[in-house]
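Just so you know, residue 1 is the first one in the sequence shown, and it goes up from there.
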Amino acid sequence: MRIIVMGTGGVGGYFGARLANAGHDVTFIARGKQLAAIREGGLRLESPRGNLHLHDVKVTDKPAEAGIADIVLFGVKLWDTASAAQAIKPVIGEQTAVVSFQNGVVKDDTLRQSLGDKHVIGGVCYIAATIAEPGLIRHSGTMQKLVFGEYDGSSSARIMQFRDACTEAGIDVEVSANIQRAIWEKFVFLVGLSGTTSTVRTPIGPIRANARSRAFLRAVMDEVVQVARAEGVALPADYADDRLAFADQVPATMSSSMHNDLERGNRIEVQWLSGDVVARGVRLGVPTPCNRAIFDILSVHAEGRPA
């Protein structure tokens, strides 16, 4: 497949490298120090699923140079979604699919506004991967799964082709017939993990082990569930309990990309996570006091470390 990775961060860098290593034609879109490092020394992965060093990497900061894509893996930070969608318009052909593996549930609405409905397929990723240093992606744990699907539930040729490409690359993959629900299922845990690890400033282990913070984690996730149900997404009323049980199964050292960004003094995505839950709750008449507390507290760091 002809694959373009828009945003060579932890997610795009990891999955793009696996696909390139399997022989697919992958072009990475990067910028700054990441672009310079990949041009000079290639792209490296450190992972319990196997290390990798790609020496001959197609990388650019100009999407228009990449040509028409079969699939665009879209992985920029949420605040860059609209501008990045405009930037990739030259790579969009008649059958090109754009699949966002970003956080949040508003991402695809933004992509549709720029690219049109037919080019957007839904996607969710499960991985803990970050840029350890320019040119190096570090994967924590063994989880590395992609879930994607057409919004109409069809098994289109492009979906099946991408599934096969992922399988060839050793990526755990699932095609979903209800991708909207799959995105919200991920969102429930993501908001809980991101919000609590960032406000408490610790990985998930101590949070789930403390009775009060554990109850707070469950309440944060339950607010997301109730907002989803009010939106018409068919999540079980007790789905927060399911996600709390899942939280008990992940490594105690697991954190979130938002927590990592916070610790580095970088801009954080709280507006599109707990902030989005709050905004939807206001619109739908669903109380979200725990997510409001997270949004209010972390708003001080929303644009990066305060001066």
Side-chain angles (χ1 to χ4, degrees), residues 7 9-11 75-83 100-107 109-110 124-131 140 183-228 231 240 243-244 246-247 250 252-284 286-307:
V11 172
V76 303
K77 288 295 187 179
L78 287 165
W79 51 79
D80 284 330
T81 302
S83 60
S100 164
F101 293 117
Q102 298 165 284
N103 294 327
V105 295
V106 301
K107 56 197 179 80
D109 293 336
T110 305
V124 181
C125 76
Y126 294 91
I127 193 170
T130 60
I131 300 175
S140 303
I183 290 171
W184 274 94
E185 288 173 344
K186 164 74 179 292
F187 193 54
V188 172
F189 181 70
L190 174 68
V191 170
L193 179 72
S194 297
T196 57
T197 57
S198 298
T199 52
V200 182
R201 305 289 186 98
T202 182
I204 191 66
I207 294 169
R208 70 190 184 196
N210 178 281
R212 293 184 67 85
S213 58
R214 181 183 180 86
F216 183 72
L217 169 61
R218 187 202 176 279
V220 171
M221 294 191 293
D222 186 60
E223 289 176 5
V224 186
V225 171
Q226 302 317 316
V227 167
E231 290 266 17
R243 294 297 83 192
L244 190 62
F246 175 74
V250 303
T253 55
M254 186 176 189
S255 189
S256 64
S257 59
M258 188 163 79
H259 180 209
N260 292 333
D261 285 335
L262 180 67
E263 292 297 307
R264 293 170 179 170
N266 297 336
R267 191 175 180 184
I268 59 174
E269 294 182 327
V270 66
Q271 175 183 336
W272 295 270
L273 300 178
S274 286
D276 189 31
V277 175
V278 172
R280 291 170 188 267
V282 169
R283 175 169 56 82
L284 296 165
V286 178
T288 58
C290 294
N291 278 284
R292 177 170 291 281
I294 290 169
F295 187 30
D296 290 349
I297 291 167
L298 292 180
S299 65
V300 175
H301 302 275
E303 299 300 320
R305 184 175 289 120

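Lys107 contributes no side-chain N or O that, together with a main-chain N or O of Leu78, makes up a donor-acceptor pair within less than 3.5 Å. Remark: side-chain polar atoms of Glu223 are paired, donor with acceptor, to backbone N or O of Cys290 under 3.5 angstrom. Judged by distance alone, the side chain of Thr199 and the main-chain N or O of Gly195 form a donor-acceptor pair under 3.5 Å. Panel note: side chain Arg267, backbone Glu303; no donor-acceptor pair is recorded below 3.5 Å.
Separation of atoms OG1 (Thr288) and CD1 (Ile294) is listed at 10.0 Å; rounding is to 0.5 Å. Note that CD1 of Ile127 is 11.0 Å distant from CZ of Phe101, once rounded to the nearest 0.5 Å. Rounding to the nearest 0.5 Å places CG of Leu244 at 10.0 Å from CZ of Arg208. If you take CD1 on Ile268 and NE2 on His259, they are separated by 10.5 Å, rounding to the nearest 0.5 Å. Taking OG of Ser274 as the reference point, atom CD1 of Ile297 lies at 10.0 Å (rounded to 0.5 Å). Distance CD/Gln102 to SG/Cys125: 10.0 Å, rounded to 0.5 Å.
At least one side-chain heavy atom of Val105 sits under 4.5 Å from a side-chain heavy atom of Arg280. For the pair Asn210/Phe216, no side-chain contact is recorded, criterion being any heavy-atom separation below 4.5 Å from C-beta on. The side-chain heavy atoms of Thr81 and Trp272, taken from C-beta on, include no pair separated by under 4.5 Å. Within the 4.5 Å cutoff, the side chain of Arg292 has no heavy atoms near those of the Pro287 side chain. Contact annotation: the side chain of Thr130 approaches that of Arg264 to within less than 4.5 Å [non-hydrogen atoms, C-beta and beyond]. Residues Arg243 and Phe246 are in side-chain contact: their nearest non-hydrogen atoms beyond the backbone lie under 4.5 Å apart. Side-chain contact between Thr253 and Ser140 is absent, with no heavy-atom pair separated by less than 4.5 Å. Between Leu298 and Met258, some side-chain heavy-atom pair lies under the 4.5 Å cut-off.
Summarising the geometry of Val270 relative to Ala302, their closest heavy-atom pair is CG1-CB, 4.3 Å, with the distance given to 0.1 Å. Shown here for Ile204 and Leu217, the closest heavy-atom pair between the two residues is CD1-CD2, 3.9 Å. Among all heavy-atom pairs drawn from Gly104 and Leu190, the shortest one is N-CD2, 3.8 Å. Nearest heavy atoms, Val278 versus Asn291: CG2-C, 3.7 Å. Across every non-hydrogen atom of Met254 and Leu193, the tightest pair is CE-CD2, 4.1 Å.
A salt bridge links Arg201 to Glu263: one of the charged nitrogens lies within less than 4.0 Å of a carboxylate oxygen. Salt bridge Arg283/Glu231: present, at least one basic N to carboxylate O contact under 4.0 Å.
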Could you give me the CA-CA distance, side-chain angles and deciding distance for Val277 and Phe295, then say whether side-chain contact (heavy atoms from CB on, under 4.5 Å) is met?
-> CA-CA 9 Å; Val277 175; Phe295 187 30; over 6 Å; no
Given side-chain contact (heavy atoms from CB on, under 4.5 Å), test Glu185 with Val124 step by step and report yes or no.
-> CA-CA 9 Å; Glu185 288 173 344; Val124 181; over 6 Å; no
Decide yes or no on side-chain contact (heavy atoms from CB on, under 4.5 Å) for Val225 and Met221, but give the supporting numbers first.
-> CA-CA 6 Å; Val225 171; Met221 294 191 293; 5.5 Å; no
Go through the steps to decide whether Phe189 and Val224 satisfy the test side-chain contact (heavy atoms from CB on, under 4.5 Å), and finish with yes or no.
-> CA-CA 9 Å; Phe189 181 70; Val224 186; over 6 Å; no
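At a cut-off of 3.5 Å, with distance as the only test, a side-chain donor of Thr197 or Ser256 sits close to an acceptor on the other residue.
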